[in-house]
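Each ligand, and each atom within it, is numbered from 1 in the order the structure gives. What you are looking at is a predicted structure, and each value in this text was computed from that prediction instead of being measured.
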Amino acid sequence: MRRRILQNVAIVIRDGVPLAPFTTLELGGPARHFADAADEAALVEALRWADDRELPVALLGGGSNVVVADAGFNGLVVRIATRGLLFETSGGDATVTAAAGEPWDALVAEAVGRGLGGLECLSGIPGLVGATPIQNVGAYGQEVAETIRSVRVLERSSWQTRSLSPEACGFGYRDSNFKREPTRFVVLAVTFGLRPGAAPVLRYRELAESLAGTSEAPPTLAEARATVLALRAKKSMLVTAGDPNRRSVGSFFTNPVVEAAEAEAVAARAGDDGATMPRWPAADGRGRVKLSAGWLIERAGIAKGLRRGPVGVSSAHALALVHQGGGTTAALLALAREIRDTVRVRFGVTLVPEPTFVGVAWNLASG
Ligand SMILES: Cc1cc2nc3c(=O)[nH]c(=O)nc-3n(C[C@H](O)[C@H](O)[C@H](O)COP(=O)(O)OP(=O)(O)OC[C@H]3O[C@@H](n4cnc5c(N)ncnc54)[C@H](O)[C@@H]3O)c2cc1C
């Protein structure tokens, strides 16, 4: 362990720190070097420490969307632990600015508790605020791109902090410029625009149907949050102690977005099932179609609950790959590759993984 002090900023660099306990998959080897960044000065200092040594850096939030190599990471892992929440209301407008290290679901709960709409459908997503813009997290009919007003970042090449507009973030479905250029920025804080007294967003049919008829009055934000949490619990899409499906990254693959003609071809390959194949217009305004990765996986013959030793498919959700304990990242990736290949052979669609790979490349891993 070493301590480096510069301009009264102390950071502790630890060597050989196991990363598995910092991930929801509970898989992966050690970080060669590891630092916790409890404030922005420490974060900058840790990044400079790595730059001085020409070491690669991996940023870690809650570890709920990362797959770490069994060999670990041969660089510095910086765990973002910055805190701070600021709610501001002016007339009919409300914002909250949250430091990157704030736990996401606590922020959602606080917003809902204050009667502020905009985040309620994103209840129960694990991880920290700073990671939410990275893949534009979304669920149950909402995504953060709809509410993000600005993202304060540190640009790593210039060491400047900047405030990025939503347009500059380049948000797409489970995508953003942060994901496309992963070494360019560190997210320091995110400002969300919220709607005081708003009704919950009920675009997602399963959520709307679950809430329908539960009371005479229109559903409240709190009821929407409770319903989302209940739906997620049924699908093991919460990290709940004791749940055998709890070690996952949530959905392992994104839903494929394809041209309309390709969607027709996939439906044709599905035969009799094609008529009921789930599909939605993609939100990219280009006439493309979003398919359900989970449906494709199941129709390709991969059942929920499939096991390959200590890894498998969640018994509650075909899109979640789970680790049962005592497994390896290599085994998980072999199963992911098997699923990708099976779906490709059956439907001609190549599934793309959702999480970030640390110390291992998906394409190399997939052979
Ligand atoms: C049970 C379960 C359910 C899930 N459900 C959903 C869902 O419904 N919708 C959804 O979109 N996702 C879902 N996820 C995925 C995951 O929770 C989200 O992507 C979440 O935002 C990741 O946050 P994290 O703090 O754990 O990020 P991490 O896993 O620690 O990091 C993810 C990526 O973001 C980068 N990163 C993290 N913090 C920063 C920062 N401050 N600046 C720059 N880069 C950073 C990391 O380097 C890494 O590339 C689920 C995961 C699980 C385990």
- Item | Numbering as shown, the atoms of ligand 1 that approach A139 to under 4.0 Å (heavy-atom distance) | 8 (O)
- For ligand 1, does Q135 get within less than 4.0 Å through its side chain, its backbone, both, or neither, judged by non-hydrogen atoms? side chain
- For G127, counting its heavy atoms only, list the atoms of ligand 1 lying under 4.0 Å from any of them. 23 (O), 24 (P), 25 (O), 26 (O)
- Message: Hydrophobic clustering (ILVMFWY, side-chain heavy atoms < 4.5 Å, transitive) - are I134 and L164 grouped together?
- Response: yes
- Query: Which class fits the ring pair F178 and F185: parallel under 30°, tilted 30 to 60°, perpendicular over 60°?
  - Reply: perpendicular
- Which of the ligand 1 atoms, numbered from 1, are nearer than 4.0 Å to a heavy atom of V187: 40 (C), 41 (N), 42 (N), 43 (C)
- Nearest heavy-atom neighbours spanning L154 and L47: CD2-CD1, 3.6 Å
- Message: Tell me whether L128 has any N or O atom under 3.5 angstrom from an N or O of ligand 1.
- Response: yes
- Are any of the side-chain nitrogens in D341 or R344 under 4.0 Å away from the carboxylate oxygens of its partner? yes
- Answer with side chain, backbone, both or neither: which part of I125 has a heavy atom less than 4.0 angstrom from an atom of ligand 1? side chain
- Query: Taking 4.0 angstrom as the limit, do D105 and R225 come out as a salt bridge?
  - Reply: yes
- Measure A100 to ligand 1 on non-hydrogen atoms and call it side chain, backbone, both or neither using the 4.0 Å cut-off. side chain
- Could you list the atoms of ligand 1 found under 4.0 angstrom from a heavy atom of R174? 11 (O)
- Relative to atom 44 (N) of ligand 1, which among V67, D105, I134, I80 owns the nearest non-hydrogen atom? I134
- State the atoms of ligand 1, each with its element, that fall below the 4.0 Å cut-off from a heavy-atom position in G250. 2 (C), 3 (C), 4 (C), 50 (C), 51 (C), 52 (C), 53 (C)
- Between P126 and ligand 1, is there a nitrogen or oxygen pair with a distance under 3.5 Å? yes
- Task: Of the side chain and backbone of L59, name the one, both, or neither that has a heavy atom under 4.0 Å from an atom of ligand 1.
- Result: both
- Which ligand 1 atoms does T24 reach within 4.0 Å, using its non-hydrogen atoms? 53 (C)
- Dump the intermediate steps for side chain to side chain contact (heavy atoms under 4.5 Å, CB included) on V201 and Y140, then the final yes or no. CA-CA 9 Å; V201 168; Y140 292 94; over 6 Å; no
- Would you call R269 and E262 a salt bridge, using N to O less than 4.0 angstrom? no
- Query: Which is it for K179 and E354 under the salt bridge (charged side-chain N to carboxylate O under 4.0 Å, His left out) test, yes or no, and what are the steps along the way?
  - Reply: CA-CA 10 Å; K179 198 163 177 181; E354 186 181 293; over 6 Å; no
- Query: Does any N or O atom in G62 lie less than 3.5 angstrom from one in ligand 1, N or O only?
  - Reply: yes
- Is a side-chain donor-acceptor pair under 3.5 Å present for S176 with N136? no
- Query: Which protein heavy atom lies closest to atom 31 (O) of ligand 1, and at what distance to 0.1 Å?
  - Reply: V66 CG1, 3.8 Å
- Message: For L122, which part has a heavy atom under 4.0 Å from ligand 1: side chain, backbone, both, or neither?
- Response: neither
- Message: For ligand 1 and G61, I'd like to know whether there is a polar contact (N/O to N/O, distance under 3.5 Å).
- Response: yes
- Query: S315 and N245: side-chain donor and acceptor closer than 3.5 Å?
  - Reply: yes
- Query: Does K234 pair with E206 as a salt bridge, N-O distance under 4.0 Å?
  - Reply: no
- Polar atom proximity, S64 to ligand 1 (N or O, under 3.5 Å): yes
- Item | Gap separating the CG atom of N65 from the CG atom of L60, nearest 0.5 angstrom | 11.0 Å
- Heavy-atom proximity to atom 5 (N) of ligand 1 ranks first, among R246, M237, K235, R232, for R232
- Message: Considering both backbone and side-chain atoms of L60, is one of its nitrogen or oxygen atoms within less than 3.5 Å of a nitrogen or oxygen in ligand 1?
- Response: no
- Query: Quick one: does ligand 1 sit under 4.0 Å from the side chain of V137, the backbone, both or neither, non-hydrogen atoms only?
  - Reply: both
- Backbone or side chain, does any N or O of N136 fall under 3.5 Å from an N or O of ligand 1? no
- Query: Quick one: does A58 get within less than 4.0 Å of ligand 1, heavy atoms only?
  - Reply: no
- Between V78 and V186, is a side chain to side chain contact (heavy atoms under 4.5 Å, CB included) present by the stated rule, with each step listed? CA-CA 11 Å; V78 182; V186 181; over 6 Å; no
- Ring-face cation of R299 near F347 (centre distance under 6.0 Å, axis angle within 45°): no
- min-distance protein heavy atom vs atom 14 (N) of ligand 1 -> V249 O, 4.0 Å
- Message: With heavy-atom distances below 4.0 Å as the criterion, list the atoms of ligand 1 near G138.
- Response: 7 (C), 8 (O), 9 (N), 10 (C), 11 (O)
- Query: With atoms numbered from 1 as shown, which atoms in ligand 1 lie under 4.0 angstrom from a non-hydrogen atom of T356?
  - Reply: 33 (C), 48 (C), 49 (O)
- Message: If the test is side-chain contact (heavy atoms from CB on, under 4.5 Å), which one of N177, V151, V190 qualifies with C169?
- Response: V151
- Message: Starting from atom 37 (C) of ligand 1, what is the nearest protein heavy atom, named by residue and atom, and what distance separates them?
- Response: A131 CB, 3.7 Å
- Tell me whether the centres of the aromatic rings in F192 and W104 are closer together than 6.0 Å. yes
